[in-house]
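Report on one structure; see the data block that follows.
Each residue takes its place number in the sequence, starting with 1.
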Amino acid sequence: MSISDELIKLPRWSLTPRQVFDLGLIINGGFSPLTGFLTEADYLSVLKDLRLANGVLWPIPVVLDVGPNFSYKPGDEIILCDGFGNPLASLAIDSIYRPDKDWEAEQVFQTKSLFHPGVRFLMTELGSRYVGGRLRAINSPPIYDFGELRYHPHELKQWFIDNGWVKVIAFQTRNPIHRAHYELMRRAAELVNAKVLIHPVVGLTKDGDIDYVTRVKSYQQVYRNYMTDFAKLALLPLAMRMAGPREAVWHAIIRKNYGCTHFIVGRDHAGPGKDEQGRPFYGEYQAQQLAIQYEQEIGIKIIAQEELLYLENLKRYVPRSEVPQGQSTQTISGTDLRRRFRLGDNIPEWFSFPEVLAELRRGIAREGHGVTNFFTGLPSSGKSTIAHLLQARLLELQYKKITVLDGDLVRHYLSRGLGFSRDDRNINIERIGFVASEITKHGGICVCAAIAPYQEVRERNRRLISQHGTYIEVYLATPPAVCEQRDVKGLYRRATRGELKNFTGVNDPYEVPHNPEIILDTSVKSQSQCVDEVVNYLVAKQLIEVEKSLS
């Protein structure tokens with residue numbers, strides 16, 4: 001669809017990746033009954049009652065969040081574009097409001113813990129205001145890959161009709177499909193005499209998940225080799241929230257919109273793992289219970305599946321409740337699977353399909369185990385010195401390429417012209433983060449050394465880089481008095497006298513990292529000891545392979 005003369009003169013607003021995913025599902029009907037981003041009345045009703053203001057069931061707030069530079073007002077109409085400037089839809093603004101993020105976290109995620117990725121995204125990524133209003137579609141978000149697997153809801157519904165599929169079970173996943181998942185789908189199909197829609201999420205998922213290209217290739221292998229007689233593979237461009245029970249209801253509504261009659265909800269559906277005390281955020285079957293509560297209203301039958309466990313002596317999978325007392329079971333966690341891949345250990349046939357394991361090996365090899373070590377701390381705390389010493393040590397110990405991104409050099413080459421306001425400092429750190437993410441993506445080791453005084457931008461970099469490899473925050477906790485003594489440029493004294501503004505540690509704040517992987521105090525540890533501590537961490541986490549002849 002081309003943009004009309006009526007719309008071409010409207011102001012434009014660029015969307016974030018998550019907003020693009022949300023908008024795409026609004027305009028193609030995947031988020032029906034939504035016709036736009038939630039107004040304040042709908043937002044408050046969703047948080048309180050899992051319903052829009054008109055009473056229709058909808059459990060997840062889908063909002064257009066904006067920052068302080070959003071200058072439009074209710075009654076205005078704007079064009080929403082993707083990050084490349086492609087116009088996707090017009091938005092007639094109905095309301096602009098400030099959310100209560102604490103309440104939103106408690107209602108949607110049942111926690112305010114920043115260990116929950118959904119809460120962390122809400123608190124550190126989403127803007128301070130939400131914009132609600134009606135959308136008019138212009139273009140669907142562009143598709144660049146796996147086009148043959150991407151269907152709009154009306155297209156998939158028609159495919160079901162054309163192929164005589166009456167009962168369709170949707171299977172949601174953000175992980176590779178192994179034998180237990182296959183068994184689960186096959187049993188569900190036999191149970192209700194239905195076909196299966198393998199409908200994996202390929203939008204934003206959770207840091208640490210297998211990259212979606214590797215996952216899709218593994219799905220294709222399972223589908224082509226084992227499931228063409230009772231299943232179909234299609235991709236869902238959804239940005240997950242990891243909201244557990246509410247998300248299970250949300251996923252069921254979406255699959256109903258895609259023409260499915262049944263929906264599998266497994267153990268800990270859309271759960272993000274454990275909190276800082278090691279406790280699961282949600283009960284194992286809490287999501288199933290909430291989804292079943294609303295299944296009649298949604299118009300989709302919930303298939304509540306138990307976890308399947310492998311019994312070595314019987315050579316088959318059985319539901320957890322059917323495991324004989326005293327019988328040992330076999331399982332392999334995602335962490336253990338990655339460890340086995342790295343070490344070249346055997347992965348038993350009962351766990352997965354050889355075709356899937358081959359794709360995962362290729363995918364993990366492409367990842368190359370890239371690592372970013374991000375040194376942050378006050379001026380003169382020792383960041384640059386330790387970073388360069390670490391570079392030298394790693395060059396001696398292993399053969400991966402290493403890049404050092406020093407804050408001063410980055411300002412000279414990438415951030416020339418930026419000042420030292422909060423916004424300019426954040427832009428500078430974001431640029432460091434982007435370059436580091438590219439180095440990490442391609443399997444290198446990046447060592448960053450920058451003051452990076454603000455927690456919010458450090459966390460943005462963590463999320464960005466963690467999508468491609470491992471992020472290690474190293475906090476130089478050297479006391480301010482020691483830093484000032486080491487200051488050969490006299491910057492601390494100048495700032496104290498008022499001659500230098502926006503100087504971190506004197507007249508501009510430094511926000512201490514919340515949960516750094518490593519804390520170093522160069523006033524009590526030598527430079528060599530500090531480097532040893534970082535290297536030992538990398539070796540212990542199996543992030544570098546030290547050559548035996550050199551170790």
Side-chain angles (χ1 to χ4, degrees), residues 1 3-83 85-105 107-108 118 121-123 125-141 152-153 203 237-239 241 243 246 249-250 253-254 257:
M1 186 187 302
I3 188 167
S4 67
D5 292 338
E6 171 196 1
L7 297 177
I8 200 167
K9 297 179 181 178
L10 294 177
R12 299 189 173 204
W13 183 261
S14 293
L15 301 177
T16 66
R18 185 166 99 162
Q19 291 167 350
V20 170
F21 284 119
D22 286 350
L23 182 143
L25 286 167
I26 293 172
I27 64 180
N28 75 14
F31 278 178
S32 179
L34 298 193
T35 57
F37 292 103
L38 297 189
T39 63
E40 184 173 18
D42 284 326
Y43 166 77
L44 294 174
S45 183
V46 166
L47 295 193
K48 182 175 181 290
D49 299 318
L50 288 79
R51 297 181 182 279
L52 302 174
N54 62 9
V56 175
L57 183 67
W58 189 261
I60 297 290
V62 176
V63 298
L64 176 62
D65 63 287
V66 298
N69 58 337
F70 188 86
S71 58
Y72 308 106
K73 60 185 184 301
D76 289 344
E77 188 171 11
I78 59 176
I79 300 295
L80 301 179
C81 304
D82 66 13
N86 300 307
L88 303 178
S90 68
L91 173 68
I93 300 173
D94 289 329
S95 66
I96 301 175
Y97 52 100
R98 293 191 177 276
D100 182 340
K101 290 189 176 183
D102 284 341
W103 189 50
E104 181 176 341
Q107 294 296 102
V108 176
F121 193 93
L122 168 68
M123 297 299 187
E125 290 287 324
L126 292 192
S128 58
R129 293 181 295 164
Y130 293 171
V131 179
R134 293 159 286 118
L135 292 170
R136 281 195 291 170
I138 298 173
N139 292 302
S140 295
H152 285 187
L238 175 72
R241 271 56 167 181
R246 279 192 180 231
V249 176
W250 193 40
I253 294 171
I254 293 167
N257 289 334

Checklist entry - Under the side-chain hydrogen bond (donor to acceptor under 3.5 Å, both in side chains) test, which residues partner Asn257, sequence neighbours left out? => result none
Item to check | Distance in Å, Leu15 CG paired with Leu23 CG, rounded so as to fall on 0.5 Å steps | outcome: 6.0 Å
Checklist entry - Roughly how far, to the nearest 0.5 Å, is CG of Leu88 from OG of Ser140? => result 8.5 Å
Item to check | Test side chain to side chain contact (heavy atoms under 4.5 Å, CB included) applied to Pro68 - qualifying residues, sequence neighbours left out | outcome: none
Checklist entry - Which pair of heavy atoms, one from Gly29 and one from Pro153, lies closest together, and at what distance? => result C-CG, 3.9 Å
Just list the side-chain donor-acceptor pairs under 3.5 Å for residues 30-39, sequence neighbours left out, or say none.
unit_1: Thr39; atom_1: OG1; unit_2: Asp42; atom_2: N; d: 3.4
unit_1: Thr39; atom_1: OG1; unit_2: Asp42; atom_2: OD2; d: 3.3

Item to check | Residues forming a side-chain hydrogen bond (donor to acceptor under 3.5 Å, both in side chains) with Glu125, sequence neighbours excluded | outcome: Arg463
Next on the checklist: Show the nearest heavy-atom pair for residues Pro59 and Ile253, with the distance to one decimal.
Outcome noted: CD-CD1, 3.8 Å
Item to check | By ring pair (Phe, Tyr, Trp, His ring centres under 6.0 Å) - contacts of Trp103 (at least two apart) | outcome: none
Item to check | Closest contact, heavy atoms only, Pro99 versus Ser128 | outcome: CD-O, 3.2 Å
Checklist entry - Judged by atom type as modelled, is there a donor-acceptor pair below 3.5 Å linking the side chain of Asp94 to the main-chain atoms of Gly132? => result no
Item to check | Partners passing ring pair (Phe, Tyr, Trp, His ring centres under 6.0 Å) against Tyr97 (at least two apart in sequence or in another chain) | outcome: Tyr43, Tyr130
Next on the checklist: Nearest 0.5 angstrom please: Glu104 CD to Leu44 CG, how far?
Outcome noted: 10.0 Å
Checklist outcome for this item: side-chain hydrogen bond (donor to acceptor under 3.5 Å, both in side chains) pairs touching residues 44-60, sequence neighbours excluded, are Arg51-Glu297
Item to check | side chain to side chain contact (heavy atoms under 4.5 Å, CB included) evaluation trace for Trp13 with Val131 | outcome: CA-CA 12 Å; Trp13 183 261; Val131 179; over 6 Å; no
Item to check | Results of side-chain hydrogen bond (donor to acceptor under 3.5 Å, both in side chains) for Arg246 - residues two or more places apart only | outcome: none
Checklist outcome for this item: Note: Pro61 and Val46 closest approach over all heavy atoms is N-CG1, 3.8 Å
Checklist outcome for this item: Looking only at heavy atoms, the pair that brings Ala137 and Ala89 closest together is CA-CB, 4.2 Å
Next on the checklist: Under the rule for side chain to side chain contact (heavy atoms under 4.5 Å, CB included), what residues qualify as partners of Phe21, not counting sequence neighbours?
Outcome noted: Leu204, Pro237, Ala239
Checklist entry - Above 12 or not: heavy atoms from other molecules or residues under 6.0 Å from CZ of Arg134? => result no
Next on the checklist: What's the separation between atom CG in Leu91 and atom OH in Tyr72, rounded to the nearest 0.5 Å?
Outcome noted: 11.5 Å
Checklist entry - When rounded to the nearest 0.5 angstrom, what distance separates CZ in Arg241 from CG in Asp22? => result 4.0 Å
Next on the checklist: Walk me through whether Val108 and Leu47 qualify under side chain to side chain contact (heavy atoms under 4.5 Å, CB included).
Outcome noted: CA-CA 7 Å; Val108 176; Leu47 295 193; 3.6 Å; yes
Checklist entry - After noting the C-alpha distance and the side-chain angles of Leu64 and Leu80, does the key distance pass the side chain to side chain contact (heavy atoms under 4.5 Å, CB included) rule? => result CA-CA 10 Å; Leu64 176 62; Leu80 301 179; 4.2 Å; yes
Next on the checklist: Holding to side-chain hydrogen bond (donor to acceptor under 3.5 Å, both in side chains), I want the full list of residues that pass it with Asp65, two or more places apart in sequence or in another chain.
Outcome noted: Gln19
Checklist entry - Considering residues at least two apart in sequence or located in another chain, which fulfil the side chain to side chain contact (heavy atoms under 4.5 Å, CB included) criterion with Asn86? => result Asp82, Phe84, Pro142, Tyr144
Checklist entry - About how many Å separate CG of Asn139 and SG of Cys81, when rounded to the nearest 0.5 Å? => result 10.0 Å
Checklist entry - Residues in ring pair (Phe, Tyr, Trp, His ring centres under 6.0 Å) with Phe121, at least two apart? => result none
Checklist entry - If every non-hydrogen atom of Pro74 is compared with every non-hydrogen atom of Ile96, which pair is closest and at what distance? => result CD-CD1, 3.8 Å
Next on the checklist: Run the side chain to side chain contact (heavy atoms under 4.5 Å, CB included) test on Ile78 and Leu10 for me, step by step, so that the C-alpha distance in whole Å, both residues' side-chain angles and the decisive distance to 0.1 Å come before the verdict.
Outcome noted: CA-CA 6 Å; Ile78 59 176; Leu10 294 177; 5.8 Å; no
